[in-house]
K.L.:
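Here you go, one structure.
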Amino acid sequence: MKKGICVLLTGMMMFSLCPINQVKAVNFEGQEDQYMKICSSSNLNSSNYNTCKEFNTYLKKKNKELKQTVNNVSSELSTTENNLSVVSSKLTSLNNQIDEKEKEISYLQQSISQLESSIQKKENDLKDRMYAMQSYNNSNSYIEFIFGSQSFSDFFSRIDSVNELTQYDRELVSQLADEKKQVESQKSTIEVAKANIESQRQQQATLKNQYALLFQKQQEQLSAAKQASSANEKASSTLDSALTTFYQNSLKDDTSAGITPGSGDSETGIAIAKKALSMQGKRYWWGATGPDYFDCSGLVYWSMNAAGVKIGRTTAAGYAAMGKAVSYNQLQVGDVITFNYGSGVAHIGIYIGGGNMVHASGKGSETHGQDPNQCVKTTSIKPGTYFYSVIYNCRRLY
């Protein structure tokens, strides 16, 4: 993921020196710098306009994906941060337990020292009695037998087998055995508990290090994703501005445009064009057919009927299938030109000659006469203009 982000970021922030004169490819991945250079240029032309719109759509989609990546990495980072906090808290708790266990060990060590002192005293008492018995019996057999043992258990077993020991001796031996076992048990318990806590502490410390490394990596990924998203969004904004400027320049009115008749123009065609031109300045209203407001197909319907050509009211797409097909080079005054912006026929105008048309220009269903700039006007459809690039077909309806 990080590698992909870096590739996109590089593409967005650098411009290639390899020129592209005409944009035709639709696979933009890895070529963002080249398309940005063409599409954001002041020399953007109509032949590249539609592809640049596709490129802008690609950038917006890519930006949506990058924002989702930012959100995903942010979520992962938050989870890691929470896990790191939990582990750190547990590690602190284990360290506190170790501190408490150290205090307990210290206390038990004192207790063990006291027990060992008591054991030593009892052993000394027992030796003294053994020596006394040896003197009394004039024999060292007891001492050699008892203190020649190899272990505590053997030691106590040998003492127990000596019948001459008094009840006091036996109680002393029993106490000695109990205290020895207690010391051994306490030592074992302490060591096991301490080792267990230390093992947990090591595990949590290792886990903390792992989460810390993951947290750092995710922070780097998040930073890269945000940087790529920002660069992509900036590129898309730049492209939006360039495309808008081109589109607005293409829609500039030729207010001096009037009928430019050709040798083959008919009186009917000229009459249609005159009727349409007489409505210049009337505002655009979705669905209106005049005479105060028009939409694009409404102007065609009104102008045709006003010039004596009886046609029904339909849409731009409907008129695109009516009448006789003519080529762009065969256009005569009064013919209609339909346009497809990428999702079907959506606009229509009336040819007035000289590479110009008259049409009701608006933004569709959202316009209801509120904008004086969206009205009946004349516009160029010459090669190189926006409208020329989106011509669907030309028809003669009379």
Side-chain angles (χ1 to χ4, degrees), residues 1-2 72-130 142-162 165 167-223:
M1 178 182 68
K2 186 174 181 181
N72 291 342
V73 177
S74 294
S75 178
E76 292 171 0
L77 187 64
S78 178
T79 299
T80 301
E81 188 173 22
N82 289 336
N83 290 338
L84 186 58
S85 177
V86 169
V87 170
S88 296
S89 177
K90 188 170 183 179
L91 191 56
T92 299
S93 176
L94 287 171
N95 286 331
N96 290 336
Q97 289 181 48
I98 289 177
D99 289 342
E100 290 299 320
K101 189 59 64 177
E102 290 289 352
K103 293 177 182 178
E104 184 179 344
I105 288 173
S106 177
Y107 170 77
L108 289 177
Q109 287 290 2
Q110 294 177 6
S111 176
I112 288 171
S113 295
Q114 292 174 357
L115 283 172
E116 288 177 336
S117 296
S118 176
I119 288 170
Q120 185 64 46
K121 182 177 181 303
K122 287 180 173 60
E123 285 183 343
N124 291 334
D125 288 346
L126 185 59
K127 286 181 180 180
D128 289 343
R129 292 183 64 76
M130 292 296 101
Y142 291 129
I143 276 191
E144 290 176 352
F145 174 67
I146 293 174
F147 290 98
S149 60
Q150 300 298 315
S151 64
F152 279 126
S153 59
D154 187 27
F155 175 77
F156 294 128
S157 176
R158 292 190 182 193
I159 287 177
D160 194 45
S161 67
V162 179
L165 292 179
Q167 181 64 31
Y168 173 79
D169 295 325
R170 295 183 182 281
E171 289 177 356
L172 186 62
V173 169
S174 177
Q175 292 175 10
L176 186 61
D178 289 342
E179 290 177 357
K180 286 280 188 181
K181 289 179 181 179
Q182 186 177 352
V183 168
E184 290 175 356
S185 175
Q186 288 179 340
K187 282 184 176 180
S188 176
T189 299
I190 289 171
E191 292 302 324
V192 169
K194 184 178 178 181
N196 182 49
I197 294 175
E198 179 61 26
S199 175
Q200 293 183 57
R201 192 189 71 81
Q202 290 293 340
Q203 291 175 4
Q204 293 300 314
T206 299
L207 192 58
K208 180 181 179 181
N209 289 336
Q210 291 174 347
Y211 277 128
L213 290 174
L214 179 60
F215 185 74
Q216 181 180 359
K217 180 179 179 181
Q218 289 174 338
Q219 280 185 316
E220 293 172 354
Q221 290 176 340
L222 181 60
S223 177

K.L.:
Quick one: list whatever passes side-chain hydrogen bond (donor to acceptor under 3.5 Å, both in side chains) with Asn72, sequence neighbours left out.
P.N.:
Gln68

K.L.:
Please set out all donor-acceptor pairs under 3.5 angstrom arising from side-chain atoms of residues 204-211, sequence neighbours excluded.
P.N.:
{"from": "Thr206", "atom 1": "OG1", "to": "Gln202", "atom 2": "O", "distance (Å)": "3.0"}
{"from": "Asn209", "atom 1": "ND2", "to": "Ala205", "atom 2": "O", "distance (Å)": "3.4"}

K.L.:
With sequence neighbours excluded, what pairs up with Ser74 under the side chain to side chain contact (heavy atoms under 4.5 Å, CB included) test?
P.N.:
Val70, Leu222

K.L.:
For Ser85, does its backbone N or O pair with a side-chain atom of Ser89 as donor and acceptor, under 3.5 Å?
P.N.:
no

K.L.:
Using a strict 4.0 Å threshold on nitrogen-to-oxygen distance, state whether Lys103 and Glu100 make a salt bridge.
P.N.:
yes

K.L.:
Residues two or more places apart in sequence or in another chain: which of them pass side chain to side chain contact (heavy atoms under 4.5 Å, CB included) with Asn96?
P.N.:
Thr92, Asp99

K.L.:
Salt bridge (charged side-chain N to carboxylate O under 4.0 Å, His left out) with Glu198: which residues, sequence neighbours excluded?
P.N.:
Arg201

K.L.:
Please identify each residue that fulfils side chain to side chain contact (heavy atoms under 4.5 Å, CB included) with Gln200, with sequence neighbours left out.
P.N.:
Leu94, Asn196

K.L.:
Go through the structure and list residues passing side chain to side chain contact (heavy atoms under 4.5 Å, CB included) with Gln219, not counting sequence neighbours.
P.N.:
Leu77, Phe215

